[in-house]
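Contents: one structure, followed by commentary.
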Amino acid sequence: MGTRGRQAEAARNDLRLLRAAHEVFTTQGFDAPVSAIAKQAGVGMGSLYRRYRTKEELLQRLCLIAMERVVEAAEAGLAEPDPWEGLALYVRTCVANRAGALAPVAGTIEVTDEMWRVSRRADEVAEQVVARAHEAGVLRSDVTMLDISLLMEQFGRPAAGPPRPEHEQVKQRLLAIALDGLRAPGRTPLPGEAPTLEWYERRWGTPP
């Protein structure tokens, strides 16, 4: 096999590993053995350890990819001419990507400089989506970007019991209800203070 062929095979193996790791960790828990990931991906343990020396490295990579997808979703939302549709697209895309599924590992792994950098970029672009919706008067004024991020985290949690087709239908119904709840002007005052960026980031560790 030539160099290009080996590189292509390595890329395919890496993609299978990442998909399997996300599925195993978010359905079996973050204590699941890496052997379960290798088995689901259909690769040997040697292939896994050549790419990721530790479980922490694998989780760091998954978190980085998740944040990069948040950036992409927010940029797609900004590209929508209608501010509400842009916000709704951002939320729906993040929920479809299960953007908050890895949130439970906060505080259990080291956050790399690259992770902090992409996280701040994700916050910046998401804030633009939210600010545009506020300026258009379509998003209730007391809802913040972090409120929406934390709401999306809830949708990233797996449904109870074994996977069933009905789970997706139920999630879409609840998402429609949640989106309507974000629309201005809002009927019920939100209790308590809005979450702060400092609190949100410190769940993961001390920012550089």
Side-chain angles (χ1 to χ4, degrees), residues 10-75 90-91 93-127 129-130 144-160 163 167 171 194-208:
R12 286 193 295 270
N13 285 344
D14 190 45
L15 183 58
R16 284 198 294 268
L17 277 170
L18 291 169
R19 286 175 173 169
H22 193 278
E23 180 66 20
V24 168
F25 284 142
T26 56
T27 58
Q28 299 181 28
F30 297 100
D31 292 330
V34 291
S35 58
I37 296 168
K39 180 178 180 181
Q40 179 148 329
V43 302
M45 289 293 292
S47 294
L48 190 154
Y49 282 122
R50 277 194 297 273
R51 185 67 183 87
Y52 303 100
R53 294 170 299 174
T54 64
K55 182 187 288 189
E56 182 176 53
E57 279 191 11
L58 183 53
L59 284 166
Q60 287 168 333
R61 178 64 178 151
L62 289 172
C63 288
L64 185 62
I65 291 171
M67 289 184 287
E68 289 171 343
R69 296 177 85 178
V70 170
V71 172
E72 292 171 0
E75 289 175 341
Y90 163 64
V91 173
T93 303
C94 286
V95 169
N97 292 339
R98 298 185 64 199
L102 298 170
V105 301
T108 68
I109 63 172
E110 181 182 355
V111 181
T112 66
D113 289 344
E114 186 179 16
M115 289 169 66
W116 282 120
R117 179 181 60 78
V118 177
S119 172
R120 286 179 176 144
R121 174 58 181 160
D123 290 343
E124 176 187 320
V125 188
E127 187 62 67
V129 175
V130 171
T144 70
M145 180 272 290
L146 290 182
D147 286 323
I148 294 174
S149 295
L150 291 164
L151 175 67
M152 294 187 302
E153 274 188 20
Q154 301 303 311
F155 281 97
R157 300 175 186 229
H167 289 169
K171 182 165 71 173
T196 65
L197 186 59
E198 180 184 16
W199 169 81
Y200 189 73
E201 288 187 339
R202 284 191 180 278
R203 299 183 307 160
W204 290 89
T206 303

Whether [X] side chain and [Y] backbone form a donor-acceptor pair below 3.5 Å:
X: Asp147; Y: Thr144; value: yes
X: Lys55; Y: Ala32; value: yes
X: Glu57; Y: Arg53; value: yes
X: Thr108; Y: Val105; value: yes
X: Thr26; Y: His22; value: yes

Check this for me: [X], atom [atom1], are more than 12 non-hydrogen atoms of other residues, nucleotides or ligands nearer than 6.0 Å?
X: Lys171; atom1: NZ; result: yes
X: Arg19; atom1: CZ; result: no
X: Arg98; atom1: CZ; result: yes

Is there a salt bridge (charged side-chain N to carboxylate O under 4.0 Å, His left out) between Glu198 and Arg202 once you walk through the steps? CA-CA 6 Å; Glu198 180 184 16; Arg202 284 191 180 278; 3.4 Å; yes
Which residues satisfy the side chain to side chain contact (heavy atoms under 4.5 Å, CB included) test with Ala106, sequence neighbours excluded?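 Checked Ala106 against side chain to side chain contact (heavy atoms under 4.5 Å, CB included); matches are Arg203, Trp204.
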Using distance only, find each side-chain donor-acceptor pair of residues 110-117 under 3.5 Å and give its atom names and separation, not counting sequence neighbours.
unit_1, atom_1, unit_2, atom_2, d
Thr112, OG1, Met115, N, 3.1

Partner residues of Glu68 under the salt bridge (Lys or Arg N to Asp or Glu O under 4.0 Å) criterion, sequence neighbours left out: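 Partners of Glu68 by the salt bridge (Lys or Arg N to Asp or Glu O under 4.0 Å) criterion come out as none, since no residue qualifies.
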Atom pair CG/OH of Leu59 and Tyr52 - distance to nearest 0.5 Å: 11.0 Å
Could you go through the salt bridge (charged side-chain N to carboxylate O under 4.0 Å, His left out) check for Glu124 and Arg121 one step at a time? CA-CA 5 Å; Glu124 176 187 320; Arg121 174 58 181 160; 2.8 Å; yes
